[in-house]
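I have placed the structure first, in the form of structure tokens, so that the comments after it can refer back to it.
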There are 2 protein chains.
Amino acid sequence: MALAIARKQRRAGVREAAREEILQAAWKLARDKGPAALTLRDLAKAVDLRAPSLYSYFPSKHAIYDAMFAEGNRRIWQYVRQQPAEPDARQQIKVWMRAFVRFCCNDPALYQLLFQRSIPGFEPSRQSMELANQALEWGRAALVDAGVHDPAASDMLTAITSGLISQQTANNPGGDRWIRLCDDAVRMFFDHFDRRQGGSKHDPDD
Amino acid sequence: MALAIARKQRRAGVREAAREEILQAAWKLARDKGPAALTLRDLAKAVDLRAPSLYSYFPSKHAIYDAMFAEGNRRIWQYVRQQPAEPDARQQIKVWMRAFVRFCCNDPALYQLLFQRSIPGFEPSRQSMELANQALEWGRAALVDAGVHDPAASDMLTAITSGLISQQTANNPGGDRWIRLCDDAVRMFFDHFDRRQGGSKHDPDD
DNA sequence: GTCTATATTTGGATAGAC
DNA sequence: GTCTATCCAAATATAGAC
């Protein structure tokens, strides 16, 4: 019995590895031509299969997008969270935002798929969406930690962040014309909400 | 001779009117399903023609997108410029930005086509692009008028603007969760660049 | 200028042999 | 699980009659 189970698990592991390989190839194609231009034929060719064989691993093309969405979320938030810890809450946010912006600008395909809903007809599944929501919630909590209590503040910060990224990728791809405004933008943001709250907190520069 | 020319012009006018009607129908479809989902069949049906007949008016689908791009630019900037004139340069910018954001949020399809490059393979022609560039230049000049000389400022302002719009349309379509942050964002922006320049100018509230 | 008919291409997805 | 063969649908674009 134990042996049979072990064999099953090994098989499951192999299958999982194959799915993973397909996903990585899908990301590579998405980066080359945009996530919307992904086709099953191209994807199959990239992993040395025929298109119908992909259906052994994913039930549909949308399921592939959904898996990409989930995997992309895991990847970006892992990257952000592994940034060095900062004693100061605002400095921490600055570091996180810098990492987030950099990551997205280096991988516009990921930004489009995860945050711009650029695939016609694709909606992430509940499960996958939850990953994204957790991250947002975590960001809101960080702001409260940093002494910003205005509920509109987190909306303002997500707007600034997405604005920097979309301008950067649309109008200066590969450059840093908007990326380099990132720190300044965070300063601007904190100064503003400090003034509105009356009580100004620190925000020491790097 | 004069008569022949007049006839030619009348004909040209009819043709122009038909092109205009096609364009309006194209915008209607783009608003319904997104600009990327526009098809010649649907478009033809909307103006009571068969698909091939559209080629009498536009040489290709991309030409239709290009005409939409140009027409959309004319439309949005006309709307912005027809806003009430304000004696104060900053108040003027606030009014313009409010109008711009409102216009884009009411017509996300326009925003996508003009500013998000969401159509795979479509690049606006030189001619059409010039319209867009003039508008940007005009915005930069307005900032100088308002006493903001930092060249990075206009990039920051476009980032804030596009961030508000994209968050609004992506995460709260039909609502005003980000739209209502618009005035506050402009204040934040001016305060920030005032401080950096040392010399603080006015910015009276409405 | 408009039509019918059609070429051409390109996708996603399925059937069934192996 | 993988393949070949195929289906089916959708889309741009062209040819040629009227």
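So that the names make sense, note that chain A is the first sequence line, chain B the second, and so on, each numbered from 1.
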Any B/Ser53 side-chain N or O less than 4.0 Å from OP1/OP2 of C/dG1 =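 B/Ser53 to C/dG1 OP1/OP2: no side-chain N or O under 4.0 Å.
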Worksheet item: Closer than 4.0 Å, any side-chain N/O of A/Arg50 to the OP1 or OP2 of D/dG1?
Response: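 Indeed not, no polar side-chain atom of A/Arg50 lies that close.
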Specify the separation, in whole Å, of atom [atom1] of [X] and atom [atom2] of [N].
{"X": "A/Ile64", "N": "C/dA13", "atom1": "CD1", "atom2": "C1'", "result": "12 Å"}
{"X": "B/Leu43", "N": "D/dA11", "atom1": "CG", "atom2": "C1'", "result": "13 Å"}
{"X": "A/Phe58", "N": "D/dG1", "atom1": "CZ", "atom2": "P", "result": "12 Å"}
{"X": "B/Leu54", "N": "D/dT12", "atom1": "CG", "atom2": "P", "result": "10 Å"}
{"X": "B/Glu21", "N": "C/dG1", "atom1": "CD", "atom2": "P", "result": "14 Å"}

Is B/Asp48 atom CG crowded by more than 12 heavy atoms from other residues, nucleotides or ligands, each under 6.0 Å away?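 Atom CG in B/Asp48 is not crowded, with 12 or fewer foreign heavy atoms closer than 6.0 Å.
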Other residues, nucleotides, ligands: >12 heavy atoms within 6.0 Å of A/Gln127 CD
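Result for CD/A/Gln127: open.
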>> I'd like to check B/Tyr111 versus B/Asn106 (side-chain heavy atoms, cut-off strictly below 4.5 Å). Are they in contact?
In response: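 Not in contact.
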task: Let me see the working for A/Asp183 and A/Arg98 under salt bridge (Lys or Arg N to Asp or Glu O under 4.0 Å), right down to the final yes or no.
output: CA-CA 7 Å; A/Asp183 285 9; A/Arg98 213 162 15 198; 2.6 Å; yes
Identify whether the distance between the nearest side-chain nitrogen and carboxylate oxygen of A/Lys33 and A/Asp42 falls below 4.0 Å.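 Salt bridge absent between A/Lys33 and A/Asp42.
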**Request:** Check whether the ring centres of A/Phe189 and A/Phe193 lie less than 6.0 Å apart, and answer yes or no.
**Result:**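 Between A/Phe189 and A/Phe193, the centre distance is under 6.0 Å.
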Check your understanding: Among the nucleotides C/dT14, D/dA13, D/dG1, which one has an atom lying closest to any side-chain atom of B/Ser60?
Key ->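 Of all the options, the side chain of B/Ser60 is nearest to D/dA13.
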Give me, pair by pair, the N or O atoms of the protein and of nucleotides 9-11 of chain C that are less than 3.5 Å apart, along with how far apart they are.
none

Contact class for A/Tyr55 (heavy atom, under 4.0 Å): base, sugar-phosphate, or nothing?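 The residue A/Tyr55 makes base contact.
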Requested in this report: Step by step, work out the salt bridge (Lys or Arg N to Asp or Glu O under 4.0 Å) result for A/Asp194 and A/Arg90.
Outcome: CA-CA 12 Å; A/Asp194 273 345; A/Arg90 299 192 170 192; 2.9 Å; yes
field: Aromatic plane relationship, B/Phe103 with B/Tyr79 - under 30° parallel, 30 to 60° tilted, over 60° perpendicular
entry: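 Ring orientation of B/Tyr79 relative to B/Phe103: tilted.
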Original post:
B/Trp77 and B/Gln134: side-chain hydrogen bond (donor to acceptor under 3.5 Å, both in side chains), yes or no, with the steps?
Top reply: CA-CA 10 Å; B/Trp77 293 117; B/Gln134 281 172 8; over 6 Å; no
Dot-bracket assigned to DNA chain C with the 3.5 Å Watson-Crick/G-U criterion, [ ] for crossing and | for other-strand pairs, is ||||||||||||||||||
